[in-house]
Peer 1: 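Have a look at this one before I ask anything.
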Amino acid sequence: SVLAGAPADLAGRRVVVSAGGTREAIDPVRFIGNRSSGLQGYALARVAAARGAAVTLVAANVALPDPAGVDVVRVESALQLRDAVIEAVADADAVVMAAAVADFRPVAPSRTKIKKTGDEPEAIHLTKNPDILAELGERRRAGEKSPSVIVGFAAETDDVLANGQAKLARKGCDLLVVNQVGENLAFGTPDNAATVLVAGGEPVEIPRGPKDDLARVVWDLIAARLV
Ligand code: CTP
Ligand code: CA
């Protein structure tokens with residue numbers, strides 16, 4: 001297996017990975033969602049477990065089997081993901097936010113199924129979801145007990161480096177893995193290519209390859225920051 005011979009450099013560490021994509025209810029049968037498959041987050045969880053970490057995987061709407069030896073917490077919405085991540089990071093050394101979190105949710109989901117009436121449909125009013133990654137950074141800045149390494153993911157389509165650097169600073173994380181979107185990369189594919197932006201350091205290019213390879217490089221960078 002690709003995980004054979006993995007170093008045990010994360011033994012004794014607790015890590016949290018979020019994966020998948022949140023769903024925001026419109027009514028009991030409909031939601032606002034996104035195209036995240038959870039493959040990259042699951043690869044990160046598997047690689048960390050293979051390297052000896054105690055892993056909590058917070059999975060939002062992922063159609064993948066639980067990785068062996070990983071504690072999986074299944075959630076649906078951004079609010080549920082936030083609560084699960086905040087609870088899981090209490091004793092964690094590192095957190096990786098690979099989940100695609102909906103930026104907005106319907107303000108007041110209908111308790112009953114919305115029906116066609118023949119008239120124009122009602123508008124769906126949205127409100128902002130909490131920014132979980134930014135909250136993790138703020139808690140650490142405020143001196144609260146926090147993971148020593150905080151990692152975000154971002155998919156950018158243009159001005160990748162400038163947008164990514166601004167996002168890294170805004171979120172207060174240590175590493176930001178910026179995916180290259182398009183050309184059959186990222187969503188639902190086994191391969192990925194990325195640039196890892198490093199707070200106070202040089203970017204690291206990860207060439208196109210299996211999501212396990214990207215996961216390995218990300219944990220190498222995290223392990224080097226764990227003291
Ligand atoms: N994220 C989060 N909570 C949110 C939105 C995003 O924790 N409400 C995390 C994601 O898990 C990811 C990182 O923030 O690790 C970047 O997500 P992204 O959508 O690229 O950032 P946004 O700040 O939402 O910016 P944009 O306007 O580009 O969507
Ligand atoms: Ca977003």
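In this text the structure is predicted, and so the values were computed from the model without any measurement. Both ligands and their constituent atoms are indexed starting at 1 by order of listing.
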Peer 1: When E76 is tested against each of L81, N61, T22 for side-chain contact (heavy atoms from CB on, under 4.5 Å), which residue passes?
Peer 2: N61

Peer 1: Using side chain to side chain contact (heavy atoms under 4.5 Å, CB included) as the criterion, list what pairs up with L168, not counting sequence neighbours.
Peer 2: Q165, C173, L176, L197, A199

Peer 1: Do you know which of V17, V47, L57 makes side-chain contact (heavy atoms from CB on, under 4.5 Å) with Y42?
Peer 2: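 The passing option is L57.
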
Peer 1: If I take atom CG from residue L64 and atom OG from residue S37, how far apart are they, to the nearest 0.5 angstrom?
Peer 2: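 Between L64 CG and S37 OG, I get 6.5 Å after rounding to 0.5 Å.
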
Peer 1: Decide yes or no for R105 and L79: does some side-chain heavy atom of the first lie under 4.5 Å from some side-chain heavy atom of the second?
Peer 2: yes

Peer 1: Salt-bridge test for R51 and D9: reply yes if a basic N is under 4.0 Å from a carboxylate O, no otherwise.
Peer 2: yes

Peer 1: Could you name the protein residues that come within less than 4.0 Å of ligand 1, counting only heavy atoms, and order them by chain and residue number?
Peer 2: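 Heavy-atom contacts below 4.0 Å: M97, A99, V101, D103, P130, D131, I132, L133, G152, F153, A154, K167, R170, K171.
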
